[in-house]
> 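The structure under discussion is supplied below as structure tokens; questions concerning it will follow.
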There are 2 protein chains.
Amino acid sequence: MTDQRLEDVLGRLRDEGVRVTLPRRAIVSALLGGGHGHVTAENVTAEVQGEHPEVHASTVYRTLDTLERLGVVYHVHLAHGAAVYHLAEDAHLHLVCASCGVVIEVPEDVFHTLADGLHQGFRFTPEVRHFALSGHCDRCLPR
Amino acid sequence: MTDQRLEDVLGRLRDEGVRVTLPRRAIVSALLGGGHGHVTAENVTAEVQGEHPEVHASTVYRTLDTLERLGVVYHVHLAHGAAVYHLAEDAHLHLVCASCGVVIEVPEDVFHTLADGLHQGFRFTPEVRHFALSGHCDRCLPR
DNA sequence: ATAATTGCAAAGTCTTTGCAGTTTG
DNA sequence: CAAACTGCAAAGACTTTGCAATTAT
């Protein structure tokens with residue numbers, strides 16, 4: 001019943017000299033448990049506070065930063081609102097419809113051609129993970 | 001000496017039933033005058049207030065919205081900070097280095113292949129103008 | 001005249017920060 | 001025990017909004 005993935009992550013924290021505290025344990029649990037990606041810091045806070053109401057939002061932000069530094073999670077800006085967090089192992093790219101907000105997840109390799117072109121033409125290496133690509137899904141296509 | 005482009009824009013406002021006021025005149029002037037793109041609402045406000053200190057930032061935001069609705073300007077989110085505004089006629093895409101912040105402007109057609117691929121594969125039409133593409137320029141490339 | 005627009009102040013959203021007290025290793 | 005971490009409250013950056021007074025048409 002002890003979640004192995006939880007222990008793995010906590011082990012990684014300890015290996016890095018990062019202390020394992022009750023808030024961190026709860027936050028990592030929430031991330032692993034919620035599972036299905038796209039959680040905001042606020043979502044995580046709410047979930048954690050269900051069990052541990054004393055854990056403050058600022059701690060959640062700080063912990064998410066720490067986890068990102070360690071490569072456990074990363075965050076994406078989907079649109080104008082709050083950033084969403086993912087487990088790093090679930091890495092993928094995001095297409096967001098500017099009208100209806102639907103999020104389409106796509107594998108990274110879809111961008112290879114573009115990345116090659118940008119690198120050759122402009123000496124620029126895109127990092128398409130960190131910001132979603134805005135646009136329109138077919139049903140919201142203007143006109 | 002009367003700026004023809006200014007009068008053109010103001011004419012467009014009137015045609016749309018939008019009133020031409022002193023703040024709007026000053027804001028459009030600032031956009032046309034500053035010229036070289038990438039201005040934030042705050043930049044515009046500062047410039048306008050040089051001549052007309054009574055014009056309030058909220059008016060600038062409202063006017064920029066109006067101008068965007070009319071297709072005179074559009075705004076882009078370069079990174080985490082404030083949005084930047086462009087004259088619509090200067091439309092182009094933006095690559096932003098996450099390390100040094102340099103902004104590289106590229107023609108839209110660089111994205112055609114990607115756009116076709118996304119449309120065929122995911123029924124999604126990217127609108128690459130509204131958010132910059134984050135990444136790293138060669139001199140900031142990690143590792 | 002009258003509907004649009006403005007200035008102002010206040011609020012709103014998301015996130016960060018300073019600090020004193022608490023906890024981990 | 002020392003260094004790391006936390007809760008709290010406050011601030012910070014950017015933008016939006018409600019409203020009464022003003023202004024363009």
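Residue numbers begin at 1 in each chain, while the letters A, B, ... track the order of the sequences. What's counted below: heavy atoms across the whole structure, side chains too, no hydrogens, waters or symmetry copies.
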> In whole angstroms, how far is the P atom of D:dG12 from the CD atom of B:E42?
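Computing the B:E42:CD to D:dG12:P distance gives 14 Å.
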> Find the distance A:L64:CG to D:dC5:C1' and express it as a whole number of Å.
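In whole Å, D:dC5 C1' and A:L64 CG are 15 Å from each other.
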> Ignoring hydrogens, what is the shortest heavy-atom contact between A:F131 and A:V76? Give both atom names and the distance.
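In terms of heavy atoms, the two residues are closest at C-CG1, 4.3 Å.
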> Given atom NE2 of B:H77 and atom P of D:dA13, what is their separation to the nearest angstrom?
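So the NE2-P distance, B:H77 to D:dA13, works out to 19 Å.
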> Would you mind reporting whether A:R25 and A:L10 have side-chain heavy atoms less than 4.5 Å apart?
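Yes, side chains in contact.
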> Whole Å only: how far is the CG atom of B:L78 from the P atom of D:dC14?
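Value for this atom pair: 12 Å.
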> Please report, rounded to the nearest Å, how far the C1' atom of D:dT16 is from the NE2 atom of B:H75.
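About 13 Å, once rounded to whole Å.
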> Quick check: closest heavy atoms across A:V106 and A:F111, and the distance to 0.1 Å?
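Of all heavy-atom pairs spanning A:V106 and A:F111, the closest is CG2-CE1, 4.0 Å.
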> Answer with base, sugar-phosphate or nothing: what part of the nucleic acid does B:T40 contact at a heavy-atom distance below 4.0 Å?
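Nothing, no heavy atom under 4.0 Å.
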> If you assign B:S58 and B:T21 each to the DNA chain D nucleotide with the nearest heavy atom, which residue ends up on the more 5' nucleotide?
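Closest to the 5' end, via its nearest nucleotide, is B:S58.
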> Separation of A:Y61 atom OH from D:dC5 atom C1', in whole Å?
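Interatomic distance, OH of A:Y61 to C1' of D:dC5: 19 Å.
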> Using the heavy-atom set of chain A and a strict 4.0 Å cut-off, write down the first and last nucleotide of DNA chain C that makes it in, 5' to 3'.
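Nucleotide range with atoms under 4.0 Å of chain A: C:dC14 to C:dG25.
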> Would you classify A:A83 as touching base, sugar-phosphate or nothing, given that sugar-phosphate means primed atoms plus P, OP1 and OP2, and contacts are heavy atoms under 4.0 Å?
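Sugar-phosphate, no base atom in range.
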> State yes or no: do B:V72 and B:V84 share one hydrophobic cluster built from I, L, V, M, F, W and Y residues joined by side-chain heavy-atom distances below 4.5 Å, directly or via other members?
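No, B:V72 and B:V84 fall in different hydrophobic clusters.
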> Measure the acute angle between the ring planes of B:Y85 and B:H75, then classify it against the limits of 30° and 60° as parallel, tilted or perpendicular.
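Rings of B:Y85 and B:H75: tilted, as their planes differ by 30° to 60°.
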> From CZ of A:R24 over to C1' of D:dC5, roughly how many Å is that when rounded to an integer?
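Roughly 6 Å, once rounded to whole Å.
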> What class does the angle between the rings of A:H86 and A:H92 fall in, given that below 30° is parallel, 30 to 60° is tilted and above 60° is perpendicular?
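A:H86 and A:H92: perpendicular rings.
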> Let me know the distance between CZ of A:R62 and P of D:dC5, rounded to the nearest Å.
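It works out to 11 Å between those atoms.
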> Between B:V60 and B:A41, which heavy-atom pair has the shortest distance, and what is it?
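For B:V60 and B:A41, the tightest heavy-atom pair comes out as CG1-O, 3.8 Å.
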> Let me spell it out: for each of B:H56 and B:R19, pick the nucleotide of DNA chain D with the closest heavy atom. Which residue's pick is nearer the 5' end?
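Final value for this comparison: B:H56.
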